[in-house]
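The structure under discussion appears below in the form of structure tokens.
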Amino acid sequence: MQGIFITLEGPDGAGKTTVIKQLSDQLMKDINIEVITTREPGGIPIAEEIRQVILDPKNSEMDERTEALLYAAARRQHLVQKVLPSLELGKMVLCDRFIDSSIAYQGVGRDIGKSEVQVINDFAIEGHYPDLTIYLDVPSEIGLERINQGRKQSELDRLDNESLDFHKKVRRAYLDLVKEHSERIVLIDTEDNIEKVVKNCYDLIKDKYPSIFK
């Protein structure tokens with residue numbers, strides 16, 4: 001049996017990391033296939049090193065296209081080294097971010113252009129799109145407030161430090177992607193409490209893949 005590739009997307013402050021942790025813990029108890037969690041950029045040593053370069057606040061001179069290419073490079077290595085082998089073994093892969101992040105953040109947020117970023121990512125992923133993408137939506141003001149309350153200034157990365165206008169552009173781009181790819185991307189509001197958000201994600205997966213539940 002081929003595995004199931006599920007990605008979670010959302011603006012900064014949407015709570016993806018927390019949701020993935022709680023969601024995976026619940027799924028591990030209730031489904032009959034193995035669940036692994038991973039993230040982008042990262043998930044494997046090479047991609048984690050690229051992540052450090054991309055997100056380091058000291059790298060303020062990084063060109064927008066360089067940033068987009070680094071994300072695509074990390075994505076490619078992560079895909080071939082971790083995601084695809086796991087799917088071939090019939091596992092469920094829950095991934096924090098994937099190609100939609102690049103479209104939203106670099107294509108629109110950085111004004112590179114959606115089609116330009118799409119091209120380099122098509123080269124990187126060779127048609128391996130997620131089976132399901134859960135988009136966790138949060139207004140930009142609330143997302144940034146959560147970040148500023150939850151992290152010290154020294155813990156903020158290059159993207160956390162971007163302006164409110166940048167984050168609003170990213171969110172609008174995500175909402176457009178939800179409309180353009182409604183067959184794959186499902187929006188879940190994260191202004192509810194975390195337990196409700198996790199339950200909504202869980203129910204979505206159960207409705208879509210009932211046969212894997214015990």
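The figures here come from the full heavy-atom set of this structure, side chains too, leaving out hydrogens, waters and symmetry mates.
- Here the straight-line distance linking atom CG of Asp56 with atom CE of Met62 works out to 8.5 Å at 0.5 Å rounding.
- Grouping the Ile, Leu, Val, Met, Phe, Trp and Tyr side chains by contacts below 4.5 angstrom, directly or via other members, places Leu27 with Ile134.
- With no hydrogens or angles considered, a side-chain donor-acceptor pair links Thr133 and Arg184 at under 3.5 Å.
- Asn121 contributes no side-chain N or O that, together with a main-chain N or O of Ala124, makes up a donor-acceptor pair within less than 3.5 Å.
- Taking CD of Glu48 as the reference point, atom CD of Gln77 lies at 12.5 Å (rounded to 0.5 Å).
- Remark: side-chain polar atoms of Asn59 are paired, donor with acceptor, to backbone N or O of Val53 under 3.5 angstrom.
- Scanning all heavy atoms of the two residues, the minimum distance from Ser140 to His167 falls at OG-O, 3.3 Å.
- In this structure, a donor-acceptor pair under 3.5 Å is present between the side chains of Glu40 and His78.
- Going from atom NZ of Lys196 over to atom OG1 of Thr190 covers 13.5 Å, rounded to the nearest 0.5 Å.
- In this structure, Leu94 CG and Ile205 CD1 are separated by 6.0 Å, a value rounded to the nearest 0.5 Å.
- When the salt bridge (Lys or Arg N to Asp or Glu O under 4.0 Å) test is applied to Glu34, the partners found at least two apart in sequence or on another chain are Lys91.
- Of the N and O atoms on the side chains of Tyr209 and Asp131, not one donor lies less than 3.5 Å from an acceptor on the other residue.
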query: Where do Glu162 and Arg110 land on the salt bridge (Lys or Arg N to Asp or Glu O under 4.0 Å) test, with the steps shown first?
result: CA-CA 11 Å; Glu162 288 291 344; Arg110 298 294 194 206; 2.7 Å; yes
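- Ile54 and Pro41 make their closest contact through CD1-CG, 4.3 Å (heavy atoms, listed as atom of the first residue, atom of the second, distance).
- Of all the heavy atoms in Asp189 and Val197, the pair that sits closest is O-CG2, 3.7 Å.
- Between the side chains of Arg75 and Ser102, at least one donor-acceptor pair of N or O atoms lies under 3.5 Å.
- In this structure, Glu9 and Ile99 approach most closely via the heavy-atom pair OE2-N, 4.2 Å.
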message: Test side chain to side chain donor-acceptor pair (under 3.5 Å) on Thr37 and Ser24; report intermediate values, then the result.
response: CA-CA 7 Å; Thr37 61; Ser24 63; 5.1 Å; no
Tyr135 vs Asp137, side chain to side chain donor-acceptor pair (under 3.5 Å): CA-CA, chis, key distance, verdict: CA-CA 6 Å; Tyr135 168 63; Asp137 186 50; 2.6 Å; yes
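- Ion pairing between a basic and an acidic side chain is recognised when a charged N comes within 4.0 Å of a carboxylate O; Glu116 and Arg65 show no such pairing.
- Taking hydrophobic clusters as Ile, Leu, Val, Met, Phe, Trp and Tyr residues chained together by side-chain heavy-atom distances below 4.5 Å, Val80 does not share a cluster with Leu69.
- Heavy-atom minimum distance, Leu164 versus Leu144: CD1-CD1, 3.8 Å.
- Side-chain polar atoms of Thr38 and Asp96 form no donor-acceptor pair below 3.5 angstrom.
- In this structure a side-chain-to-backbone donor-acceptor pair under 3.5 Å is missing from Arg146 to Asp12.
- Residues Ile142 and Leu175 do not share a hydrophobic cluster, defined by chaining ILVMFWY side chains whose heavy atoms lie under 4.5 Å apart.
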message: One pair to check against ring pair (Phe, Tyr, Trp, His ring centres under 6.0 Å): Tyr105 and Tyr71. What are the steps and the verdict?
response: CA-CA 11 Å; Tyr105 279 85; Tyr71 274 113; 7.9 Å; no
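- Here the shortest heavy-atom pairing between Lys169 and Gly109 reads NZ-O, 3.4 Å.
- Atom NZ of Lys82 sits in a crowded spot, with more than 12 heavy atoms from other residues, nucleotides or ligands closer than 6.0 Å.
- Taking CD from Gln106 and OG1 from Thr66, the interatomic distance works out to 11.5 Å, rounded to the nearest 0.5 Å.
- In the hydrophobic clustering of ILVMFWY residues, with side-chain heavy atoms under 4.5 Å counting as a link, Phe98 and Ile36 come out together.
- Here Tyr129 and Phe5 keep their ring centres 6.0 angstrom or further from each other.
- Between the side chains of Tyr174 and Asp176, no donor N or O sits under 3.5 Å from an acceptor N or O.
- Follow the hydrophobic side-chain contacts under 4.5 Å out from Met28 and you reach Ile31 in the same cluster.
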query: Which is it for Glu88 and Gln2 under the side chain to side chain donor-acceptor pair (under 3.5 Å) test, yes or no, and what are the steps along the way?
result: CA-CA 6 Å; Glu88 289 168 4; Gln2 179 71 7; over 6 Å; no
Candidate pair Leu8 and Arg97, rule side-chain contact (heavy atoms from CB on, under 4.5 Å), full reasoning: CA-CA 6 Å; Leu8 277 82; Arg97 299 199 182 283; over 6 Å; no
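- Note that the CD1 atom of Ile33 and the NZ atom of Lys214 stand 11.0 Å from one another [nearest 0.5 Å].
- A salt bridge is defined here as a Lys NZ or Arg NE, NH1 or NH2 lying under 4.0 Å from an Asp or Glu carboxylate O, and Lys199 with Asp203 meets this definition.
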